[in-house]
Colleague: 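Quick one: structure below, then a few questions.
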Number of protein chains: 2
Amino acid sequence: MSKPIDDIVDNPAEQRDDRVQPDIDKTLSGQTTIALREAIIKGQIAPGEKLNEPTLAEQFQVSRGPLREAIRRLVAMRLVRHVPHVGASVVTLELDDIMELYDVREALEGKAAALAAENMSEHDIAKLKELLEVHRLHSENNAGEYMQTEGDFDFHYQIIKGSGNRLLTDQLCDELYHLIRMFRFQTSRFKSRSNRALIEHDQLIYAIEQRDPQLAEILMRKHIARAKASIRDTLTKPATENQ
Amino acid sequence: MSKPIDDIVDNPAEQRDDRVQPDIDKTLSGQTTIALREAIIKGQIAPGEKLNEPTLAEQFQVSRGPLREAIRRLVAMRLVRHVPHVGASVVTLELDDIMELYDVREALEGKAAALAAENMSEHDIAKLKELLEVHRLHSENNAGEYMQTEGDFDFHYQIIKGSGNRLLTDQLCDELYHLIRMFRFQTSRFKSRSNRALIEHDQLIYAIEQRDPQLAEILMRKHIARAKASIRDTLTKPATENQ
DNA sequence: GAGCTCTTGATTGTCAACAATTTGGTCTAC
DNA sequence: GTAGACCAAATTGTTGACAATCAAGAGCTC
């Protein structure tokens with residue numbers, strides 16, 4: 001009974017990525033892509049910093065070829081900007097960029113929730129409910145820490161996959177997902193919405209269970225819109241007011 | 001009075017792309033990207049066909065380096081699939097893929113219309129209205145031929161740009177836009193929706209003019225959903241029934 | 001001293017050769 | 001005759017060297 005959710009909960013973020021692109025790291029450029037991506041997301045390479053090809057190639061122990069390819073993939077992923085004959089640099093996520101990102105997220109994940117209500121299998125819905133229960137326990141024990149990060153990602157991830165739309169899944173999980181991860185690494189100081197998120201997730205599951213696409217979409221959009229508003233409030237006010 | 005719209009109407013599709021990425025063709029790999037992209041979209045390289053690197057490099061008169069880079073960009077654009085150590089091949093757009101594409105389009109362009117209703121300048125709205133009038137005249141004179149192709153793109157393009165969301169604009173105009181172009185080149189036989197599209201565009205402009213985001217979003221989503229349904233009907237029925 | 005031009009250094013873009021992997025065919029064993 | 005292993009050709013992945021372009025600083029002119 002508890003087995004089926006173990007393989008969801010116990011997986012860290014990296015492992016989850018590999019399931020989406022299982023053979024990207026068989027090649028050198030694939031490994032470099034992941035390594036460089038994580039270095040950027042975790043801030044080991046600062047936002048706005050220039051990506052010097054010879055230096056990074058030395059650093060990752062590869063030639064400039066695979067490194068350039070990795071950079072190009074991160075450009076497509078919008079983690080890196082590139083200007084011809086000038087070079088590549090890590091994107092700087094201003095507040096405006098995050099707001100734009102969350103508007104796109106609202107549109108895409110809203111549709112994903114609607115499609116999930118239509119297409120998700122009963123088995124996957126059951127798994128989702130168990131997942132939420134695990135998160136609820138974690139939240140009670142660890143004062144809401146877990147829910148904010150990987151737990152929230154897991155939940156949204158499962159719903160997106162449940163939409164059955166591969167294009168939608170790729171766009172959200174392979175591209176925008178990493179941008180959000182990068183943002184969260186940069187600003188880990190915004191107000192916890194753990195309890196509220198749990199309630200909203202609860203309602204969302206109910207809508208999916210009832211096979212109500214419109215309600216599921218509305219709930220997901222409001223959920224993301226509130227997260228967006230929360231971020232804006234936190235980042236526009238001085239940091240001292242948030243205690 | 002007629003000047004401001006000339007620079008919209010008289011531009012072919014290629015020129016419009018260059019405005020989005022003005023300096024992509026300064027470099028060899030950029031030129032190769034565009035050339036290969038157009039060859040794929042226009043069907044000069046058949047769907048499913050393998051992209052042989054030495055052959056294509058010879059064909060485009062470049063080395064394998066820039067060609068590989070072009071391929072990678074088209075992979076990010078979802079026009080090409082790539083399997084490590086096996087190679088790249090042109091995507092095959094099945095009906096399911098188009099349906100998925102239009103679901104994503106519905107979500108993104110719906111949000112774009114809502115944002116356009118909020119953010120579009122009065123000047124841009126006026127230009128949009130003039131653009132629609134030009135299309136109406138073209139449609140009356142040429143029996144609805146123009147509207148189906150570039151005219152429709154122009155209209156949607158302006159609204160997307162009017163959203164003011166750069167991420168949204170990039171995703172739609174730089175990536176999904178080319179997938180739709182490819183699909184239209186492959187199947188140019190589906191039922192004309194010219195008159196209906198004109199009416200729906202009319203209503204959409206009205207909603208934007210009234211600064212009504214919710215209505216604009218609903219109208220745009222219905223507009224795209226109807227186009228999706230029309231495509232499904234045409235492609236699932238035998239071709240002889242469409243006359 | 002300010003502004004311009006030229007030059008130099010560094011960095012990116014491109015190329016051609018080398019290495020590694022896959023695929024298709026052939027041969028052998030059962 | 002079929003299944004499996006092995007071999008060879010073709011293709012992709014990778015490398016290091018070369019060419020083109022840009023940015024910064026020195027020197028010169030006004």
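Just so we're on the same page: letters track the sequence lines, and every chain starts at 1.
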Colleague: Using atom NZ of B:Lys26 as one end and atom P of D:dT21 as the other, report the distance to the nearest whole Å.
Modeller: 10 Å

Colleague: Counting only side-chain heavy atoms from C-beta out, which of C:dT12, C:dT22, D:dT14 sits nearest to A:Leu28?
Modeller: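 That would be D:dT14.
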
Colleague: Rounded to the nearest angstrom, tell me the gap between atom NE2 in B:His85 and atom P in C:dT21.
Modeller: 6 Å

Colleague: Considering only D:dT12, C:dG13, C:dT11, which nucleotide approaches the side chain of B:Asn52 most closely?
Modeller: D:dT12

Colleague: Quick one: B:Glu58 CD to D:dT11 P, roughly how many Å, whole number?
Modeller: 14 Å

Colleague: Which nucleotide sits closest to the side chain of A:Ser63: C:dT12, D:dC22, D:dT15?
Modeller: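 Nearest to the side chain of A:Ser63 among the choices is D:dT15.
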
Colleague: Is it true that the NZ or CZ of B:Arg184 lies under 6.0 Å from the centre of B:Phe153's six-membered ring and within 45 degrees of the ring axis?
Modeller: yes

Colleague: Between P on C:dA16 and CZ on B:Arg64, what's the gap in Å once rounded to a whole number?
Modeller: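 The distance from CZ of B:Arg64 to P of C:dA16 comes to 12 Å, rounded to the nearest Å.
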
Colleague: State whether A:Thr27 places a side-chain N or O below 4.0 Å from either non-bridging phosphate oxygen (OP1 or OP2) of D:dT12.
Modeller: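 No.
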
Colleague: Need to verify one output field. Residue with the more 5' nearest nucleotide on DNA chain D, B:Glu53 or A:Gln61?
Modeller: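 Its nucleotide being nearer the 5' end, the pick is B:Glu53.
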
Colleague: Between P on C:dT12 and CG on A:Leu51, what's the gap in Å once rounded to a whole number?
Modeller: 9 Å

Colleague: Side-chain N or O of B:Lys50 versus OP1/OP2 of D:dT12: is the shortest distance under 4.0 Å?
Modeller: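 Yes, B:Lys50 has a side-chain N/O under 4.0 Å of OP1/OP2 on D:dT12.
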
Colleague: Starting at atom NE2 of A:His82, determine the distance to atom P of C:dT12, rounded to an integer number of angstrom.
Modeller: 9 Å

Colleague: Given B:Arg221, which partner from the list B:Glu109, B:Arg105, B:Glu106 fulfils the side chain to side chain contact (heavy atoms under 4.5 Å, CB included) test?
Modeller: B:Glu106

Colleague: Output yes when at least one side-chain N/O atom of B:Ser29 is less than 4.0 Å from OP1 or OP2 of C:dG13, else no.
Modeller: no

Colleague: Given D:dT11, C:dT22, C:dG13, identify the nucleotide with an atom nearest to the side chain of B:Val86.
Modeller: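 For the B:Val86 side chain, the nearest candidate turns out to be C:dT22.
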
Colleague: Within the 4.0 Å heavy-atom criterion, would you say A:Leu67 contacts the bases, only the backbone, or no part of the nucleic acid?
Modeller: nothing

Colleague: Under 4.0 Å between any heavy atoms, over every strand shown, what does B:Gly65 touch: base, sugar-phosphate, or nothing? Just pick one.
Modeller: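 Here B:Gly65 touches no strand at all.
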
Colleague: More than 12 heavy atoms of other residues, nucleotides or ligands under 6.0 Å from CZ of A:Arg81: yes or no?
Modeller: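 No, because the 6.0 Å sphere around CZ of A:Arg81 holds 12 heavy atoms or fewer from other groups.
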
Colleague: Go through the side-chain N and O atoms of B:Ser29 and B:Arg73 and say whether any donor and acceptor fall under 3.5 Å apart.
Modeller: yes

Colleague: Calculate the interatomic distance between A:Ile71 atom CD1 and C:dT11 atom C1'; express it in whole Å.
Modeller: 12 Å

Colleague: Between P on C:dC15 and CZ on B:Phe60, what's the gap in Å once rounded to a whole number?
Modeller: 14 Å

Colleague: Any salt bridge linking A:Arg166 with B:Asp96? Criterion: basic side-chain nitrogen under 4.0 Å from a carboxylate oxygen.
Modeller: no

